[in-house]
Q: 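Sending over a structure as structure tokens; questions will come in a sec.
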Amino acid sequence: QVLLVESGGGLVQAGGSLRLSCAASGGTLSSYAMAWFRQAPGKEREFVARIGRTGAARYYADSAQGRFTVSRDNAKNTVTLQMNSLKPEDTAVYYCAAARRVGAGPREADYDYWGQGTQVTVSS
């Protein structure tokens with residue numbers, strides 16, 4: 001059982017930056033592909049970014065491409081999401097997720113463990 005805890009959310013003005021972190025415990029992070037998802041009020045949860053077990057195989061949703069960067073430190077059991085040039089439409093609860101399966105992609109069903117989420121609010 002892997003426990004994931006997100007942190008780093010908050011209130012930021014449009015154009016600003018935030019760095020989200022996801023700390024994992026109860027398992028070896030290098031055994032999992034990791035991803036970030038988000039859920040805005042009144043909307044379904046959506047994929048944001050994904051990173052493979054070794055830090056390779058990164059890909060992003062179109063909305064995040066060029067502004068967000070996902071990275072991981074397996075030695076520290078952490079995954080981060082650097083978010084730059086934030087927009088009001090980035091406002092959401094952000095979740096990190098861990099997948100045991102090889103080839104986990106942008107589908108929620110690919111992921112076995114989820115954190116509780118951290119709120120990101122971008123003001124205009």
Side-chain angles (χ1 to χ4, degrees):
Q1 183 78 18
V2 175
L3 178 64
L4 303 174
V5 179
E6 302 93 339
S7 62
L11 174 64
V12 64
Q13 288 187 334
S17 298
L18 281 176
R19 185 178 179 88
L20 305 184
S21 293
C22 175
S25 60
T28 303
L29 195 67
S30 59
S31 298
Y32 301 89
M34 300 296 295
W36 288 92
F37 289 77
R38 68 186 183 186
Q39 187 168 21
K43 296 186 178 181
E44 294 186 352
R45 190 156 53 185
E46 64 177 7
F47 169 78
V48 175
R50 182 265 191 200
I51 186 167
R53 288 166 175 74
T54 64
R58 311 181 197 197
Y59 55 83
Y60 302 88
D62 289 346
S63 60
Q65 186 71 47
R67 299 187 298 127
F68 294 3
T69 303
V70 61
S71 59
R72 66 190 297 160
D73 186 336
N74 287 338
K76 295 182 178 179
N77 267 9
T78 59
V79 178
T80 61
L81 183 69
Q82 177 67 42
M83 305 187 296
N84 300 326
S85 302
L86 283 162
K87 305 174 182 180
E89 50 263 44
D90 294 317
T91 295
V93 177
Y94 283 71
Y95 300 88
C96 69
R100 291 173 296 187
R101 60 170 288 177
V102 175
R107 301 181 311 156
E108 288 188 49
D110 289 346
Y111 295 86
D112 305 287
Y113 304 106
W114 293 81
Q116 292 300 305
T118 185
Q119 176 70 48
V120 171
T121 303
V122 184
S123 64
S124 58

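What you see below is based on every heavy atom in this structure, not just the backbone, and it leaves out hydrogens, waters and symmetry mates. As the structure is a computational prediction, the values presented were derived from the model and not from experiment.
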Q: Can you give me the closest heavy-atom contact between Ala24 and Val2, atom names plus distance?
A: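 Residues Ala24 and Val2, closest heavy atoms: CB-CG1, 4.3 Å.
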Q: Would you say the side-chain atoms of Arg38 pair up with the backbone N or O of Val48, donor to acceptor, closer than 3.5 Å?
A: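 Pair absent, no side-chain N/O of Arg38 close to backbone of Val48.
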Q: Other than Val93, what residues sit in its cluster of Ile, Leu, Val, Met, Phe, Trp and Tyr side chains whose heavy atoms are under 4.5 Å apart, directly or through others?
A: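 Its cluster partners, ordered by chain and number, are Phe37, Phe47, Tyr59, Tyr95, Tyr111, Trp114.
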Q: Taking atom CG of Leu18 and atom OG1 of Thr118, what is their separation to the nearest 0.5 Å?
A: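 Here the interatomic distance stands at 8.5 Å.
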Q: Would you give the length of the straight line joining atom OG1 of Thr28 to atom CG of Asn77, rounded to the nearest 0.5 angstrom?
A: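 Here the interatomic distance stands at 6.5 Å.
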Q: Assess the side chains of Ser71 and Thr80: does a donor N or O sit below 3.5 Å from an acceptor N or O?
A: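 Yes.
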Q: Do Pro106 and Arg50 have side-chain heavy atoms sitting under 4.5 Å apart?
A: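 Not in contact.
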Q: Please answer whether the main-chain N or O of Ser123 pairs with a side-chain N or O of Gln13 as donor and acceptor at a distance below 3.5 Å.
A: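 Checking the backbone N and O of Ser123 against the side chain of Gln13, no donor-acceptor pair under 3.5 Å is found.
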Q: Please name the residue in the list Asn74, Val70, Leu4 that meets the side chain to side chain contact (heavy atoms under 4.5 Å, CB included) test with Met34.
A: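 Going through Asn74, Val70, Leu4 one by one, the side chain to side chain contact (heavy atoms under 4.5 Å, CB included) with Met34 is satisfied by Leu4 alone.
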Q: Between Met83 and Val120, is a side-chain contact (heavy atoms from CB on, under 4.5 Å) present by the stated rule, with each step listed?
A: CA-CA 10 Å; Met83 305 187 296; Val120 171; 3.9 Å; yes
Q: For a quick test of reading the model, state the closest non-hydrogen atom pair linking Tyr60 to Thr69 and the distance between them.
A: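 Of all heavy-atom pairs spanning Tyr60 and Thr69, the closest is OH-CA, 3.4 Å.
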Q: Decide yes or no on side-chain contact (heavy atoms from CB on, under 4.5 Å) for Leu3 and Tyr113, but give the supporting numbers first.
A: CA-CA 7 Å; Leu3 178 64; Tyr113 304 106; over 6 Å; no
Q: Do you know which two heavy atoms are closest between Ser17 and Ser85, and how far apart they sit?
A: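 Where Ser17 meets Ser85 most closely, the heavy atoms are OG-N, 4.3 Å.
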Q: Hey, what do you get for CG (Asp73) to OG (Ser21), rounding to the nearest 0.5 Å?
A: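 The CG atom of Asp73 sits 10.5 Å away from the OG atom of Ser21.
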Q: Which atom pair, heavy atoms only, marks the closest approach of Ala14 to Ser124?
A: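 The answer is CB-CA, 4.4 Å.
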Q: List the steps and the verdict of side-chain contact (heavy atoms from CB on, under 4.5 Å) for Tyr32 and Arg100.
A: CA-CA 5 Å; Tyr32 301 89; Arg100 291 173 296 187; 3.2 Å; yes
Q: At what distance, to the nearest 0.5 angstrom, does CH2 of Trp36 lie from CG of Leu20?
A: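 Interatomic distance, Trp36 CH2 to Leu20 CG, rounded to 0.5 Å: 5.0 Å.
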Q: Are there over 12 heavy-atom neighbours, none belonging to Gln116, within less than 6.0 Å of that residue's CD?
A: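 Counting other residues, nucleotides and ligands, CD of Gln116 stays at 12 neighbours or fewer.
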Q: So how far is it from Arg72 CZ to Ser30 OG, rounded to the nearest 0.5 Å?
A: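 Between Arg72 CZ and Ser30 OG, I get 7.0 Å after rounding to 0.5 Å.
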Q: Checking Thr91 side chain against Val122 main chain: does a donor-acceptor pair fall under 3.5 Å?
A: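 Confirmed, Thr91 side chain pairs with Val122 backbone.
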Q: Verify, without hydrogens or angle tests, whether Arg58 (side chain) and Ile51 (backbone) share a donor-acceptor contact under 3.5 angstrom.
A: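 Between the backbone of Ile51 and the side chain of Arg58 there is no qualifying donor-acceptor contact (under 3.5 Å).
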Q: Could you measure the distance from the SG atom of Cys96 to the CD atom of Glu6? Nearest 0.5 Å is fine.
A: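 It comes to 4.0 Å.
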